[in-house]
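Just below is one structure, and these are the notes that go with it.
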Protein chains: 2
Amino acid sequence: MPSRRVTSYDVAELAGVSQSAVSRAFTADASVSAGMRARILAAADSLDYRPNAIARSLGKGRSGLLGMIVNQHTEQSYVNALRGITELLRASGSGALLQVVDADSLADGAVTALLDYQVEAIVCSSVLSESAVSRCADAGVALCLVNRQIKADTVDEVMSDNAASSTAIAHELASRGAVKTAYLYGPSSSFVSRLRYDGFATGCADAGLPAPIKAHCEFTYRGGYEAAVTLIKHHPDLSAIAAATDSMAFGVMDALQSCCDRQVPKDIAVAGYDDEATAGYTSYRLTTVRQPMEAMLARAVELTRERIEQPELGKRQIIMAGELILRQSTGHMQESI
Amino acid sequence: MPSRRVTSYDVAELAGVSQSAVSRAFTADASVSAGMRARILAAADSLDYRPNAIARSLGKGRSGLLGMIVNQHTEQSYVNALRGITELLRASGSGALLQVVDADSLADGAVTALLDYQVEAIVCSSVLSESAVSRCADAGVALCLVNRQIKADTVDEVMSDNAASSTAIAHELASRGAVKTAYLYGPSSSFVSRLRYDGFATGCADAGLPAPIKAHCEFTYRGGYEAAVTLIKHHPDLSAIAAATDSMAFGVMDALQSCCDRQVPKDIAVAGYDDEATAGYTSYRLTTVRQPMEAMLARAVELTRERIEQPELGKRQIIMAGELILRQSTGHMQESI
DNA sequence: TTGAAAGCGCTAACAC
DNA sequence: GTGTTAGCGCTTTCAA
């Protein structure tokens with residue numbers, strides 16, 4: 001029996017005031033006397049009335065909706081970070097429209113769907129076409145990419161310091177005595193992989209090491225596993241392998257131990273990137289980099305809010321520092337669990 | 001320059017028709033002649049017009065929105081499954097409003113936020129209060145729980161066969177020669193833990209084994225680790241430990257190997273539940289259960305759709321079969337990676 | 001089939 | 001401070 005939805009008119013009638021008074025009572029900085037507001041709120045309460053956000057959106061010309069596009073195989077930490085975002089939005093009476101997309105394809109369809117619902121901004125951690133970007137711009141929708149980049153000065157970008165953190169990994173490896181290193185790049189098209197590889201190479205150069213051997217593979221455990229086997233076959237004297245992601249690094253570690261007869265870190269050091277939960281497990285104890293995901297997402301939302309206020313703003317690129325997590329895979333001791 | 005949004009009036013003017021004709025042209029089964037529709041669609045296209053979903057919602061009295069409430073520390077597989085859902089919705093011109101909530105607290109605030117946006121249904125994998133449930137019912141919003149249960153005949157439920165799969169694990173352990181078993185339960189309040197434990201105990205009984213020793217701990221790696229250490233101290237002759245989740249099982253395996261001087265599976269078998277990616281890694285090779293998450297979510301959405309059509313429907317509880325994944329942790333051989 | 005007109009539930013000038 | 005009156009951009013009768 002969803003009788004009939006209760007509207008502001010019902011509340012107005014019960015409270016003996018005009019409908020617009022009800023609207024004002026529910027608006028933070030409206031001019032209503034305290035008494036009237038209390039009376040209206042009481043009436044609303046007794047009727048279980050809550051303003052219809054859809055109708056409010058139409059009236060104000062702003063939906064209060066944030067669009068979020070996330071990749072399917074995104075790290076767990078990203079999901080955890082979403083809690084912060086959805087809570088933030090909830091507190092301000094806004095909502096988050098989600099689109100989860102296939103990792104490899106353009107998220108244009110997702111953008112269209114979000115635009116249809118009049119989102120005010122989109123935070124996206126997937127690849128967009130230029131046309132999708134310009135449709136956002138035309139619609140006056142603020143767009144912010146997370147760990148992605150695109151040449152368009154209407155879109156902001158938030159990234160972790162992929163290069164600097166990777167440089168730090170190289171330094172760590174060098175200080176542990178690594179000489180000949182390899183870097184496990186993801187698919188050659190990957191944007192963050194390039195940043196991470198470049199940073200790593202820089203670190204090697206800083207430390208007077210030869211340029212890392214570069215190997216490509218899938219962004220997966222299996223990819224890392226197979227790549228490690230091949231690497232060791234061709235370069236039995238490798239002293240360290242760094243991988244663009246943790247899951248690849250886990251594959252590397254397992255391959256080294258079960259296929260290549262190498263002990264980590266005694267014979268060879270390994271490092272990853274992302275700090276997945278598994279990285280802390282006793283079986284891996286992987287040195288890696290933790291990105292400040294929650295802060296990154298929060299910042300992304302903030303950037304879109306600013307851009308909504310001031311659409312003329314120039315492009316902003318925010319780089320946020322990651323945290324190098326040193327563990328046994330590069331020879332560091334740590335508490336047992 | 002978000003000039004002014006283009007509306008159906010603009011399209012109507014360009015195409016030389018009435019505004020309502022434009023509306024019809026964008027409605028699947030409306031009575032418009034093919035020629036008129038083509039002409040209107042062309043005009044719309046040239047103006048980059050797309051119907052405003054918010055306005056449409058207000059007009060029709062249905063938002064096309066699905067609310068989704070997910071727990072913060074939900075498994076990765078759940079997120080992957082969300083891709084299927086958001087694509088499904090996108091195809092039907094609907095959207096998904098997301099709320100990520102703290103695992104331990106009631107998701108009532110999330111429900112309120114979703115209701116404000118007039119979602120037509122909510123798929124929830126978190127705990128709700130009865131008042132939240134009845135607010136949904138009052139609002140005529142279909143509610144479906146995933147791997148949760150509540151006494152309310154207006155809400156449907158989709159679960160994996162937690163008990164049956166756990167029974168299968170017990171059988172597997174027994175067939176491998178286990179005699180004295182332990183079950184790592186999560187916090188005692190956990191609903192699925194109870195189902196899983198009961199199923200496991202049933203399996204033990206079937207196989208003529210003594211009742212499993214029951215231990216409680218957090219749903220985490222560390223929880224499993226510490227619990228295993230304690231268990232072995234008190235029961236050095238344990239032949240198998242099953243855990244309510246994979247992450248606990250990983251902790252168990254690591255504790256056994258690095259603290260308790262036990263080899264898995266030679267000295268003791270271990271099993272988990274969830275089939276996280278890590279379960280397949282060479283270092284763990286954990287026997288576990290994979291829930292058909294994508295199918296479960298799809299079914300949940302389907303149930304809500306049916307309930308929207310027929311609100312008088314009685315409660316439905318759907319149990320979907322999980323898949324027992326046999327790996328080395330219970331003595332099974334498998335290909336190397 | 002098509003157009004005119006009345007909402008959907010709210011916000012926001014605008015008067016009082 | 002409060003009520004009146006237009007919209008917001010659609011959908012949907014209702015006539016034609």
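Order of the sequence lines sets the chain letters (A, B, ...), proteins ahead of strands, with each chain counted from 1.
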Length of the line joining [X]:[atom1] and [N]:[atom2], which is rounded to integer Å:
X: B/Gln19; N: C/dA6; atom1: CD; atom2: P; value: 14 Å
X: B/Arg62; N: C/dC8; atom1: CZ; atom2: P; value: 18 Å
X: A/Asn52; N: C/dC10; atom1: CG; atom2: C1'; value: 8 Å
X: A/Arg39; N: D/dG1; atom1: CZ; atom2: P; value: 15 Å
X: B/Asp116; N: C/dC10; atom1: CG; atom2: C1'; value: 13 Å
X: A/Arg5; N: C/dC10; atom1: CZ; atom2: P; value: 11 Å
X: A/Arg56; N: D/dG7; atom1: CZ; atom2: C1'; value: 17 Å
X: B/Lys60; N: C/dA6; atom1: NZ; atom2: P; value: 23 Å

For [X], which contact category applies under a 4.0 Å heavy-atom criterion: base, sugar-phosphate, or nothing?
X: B/Phe26; value: nothing
X: A/Val17; value: sugar-phosphate
X: B/Ser23; value: base

Name the residue from A/Arg316, A/Lys315, A/Arg307 that meets the salt bridge (Lys or Arg N to Asp or Glu O under 4.0 Å) definition with A/Glu157.
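Only one of A/Arg316, A/Lys315, A/Arg307 forms a salt bridge (Lys or Arg N to Asp or Glu O under 4.0 Å) with A/Glu157, namely A/Lys315.
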
Does a side-chain N or O from [X] land closer than 4.0 Å to OP1 or OP2 of [N], or not?
X: B/Ser33; N: C/dT1; answer: no
X: A/Tyr117; N: D/dC10; answer: no
X: A/Ser20; N: D/dG3; answer: no
X: B/Ser18; N: C/dG3; answer: yes
X: A/Ser31; N: D/dG1; answer: yes

Does a distance-only test, which skips hydrogens and angles, find a donor-acceptor pair under 3.5 Å between the side chain of B/Arg24 and the base of C/dG3?
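Answer yes: a donor N or O sits under 3.5 Å from an acceptor.
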
Go nucleotide by nucleotide along DNA chain C from the 5' end; which of B/Leu58 and B/Met36 gets its closest nucleotide reached first?
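On the 5' side of the pair lies B/Met36.
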
For A/Tyr9 and for A/Gly16, locate the closest nucleotide of DNA chain D by heavy-atom distance; then report the residue assigned to the nucleotide nearer the 5' terminus.
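With A/Tyr9 and A/Gly16 compared, the 5'-side residue is A/Gly16.
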
Side-chain H-bond candidate by donor/acceptor type, B/Asn147 with B/Ser125, under 3.5 Å:
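Side-chain D/A pair, B/Asn147 to B/Ser125: absent.
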
Checking side-chain polar atoms at under 3.5 Å, does A/Gln291 have a donor or acceptor matched by the opposite partner on A/Ser160?
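The criterion, which ignores hydrogens and geometry beyond distance, is satisfied for A/Ser160 and A/Gln291.
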
Between A/Val141 and A/Ile308, is any pair of side-chain heavy atoms under 4.5 Å apart?
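Side chain of A/Val141 against side chain of A/Ile308, heavy atoms only: no contact under 4.5 Å found.
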
Apply salt bridge (charged side-chain N to carboxylate O under 4.0 Å, His left out) to B/Arg305 and B/Glu309, showing your working.
CA-CA 6 Å; B/Arg305 295 208 161 156; B/Glu309 300 303 323; over 6 Å; no

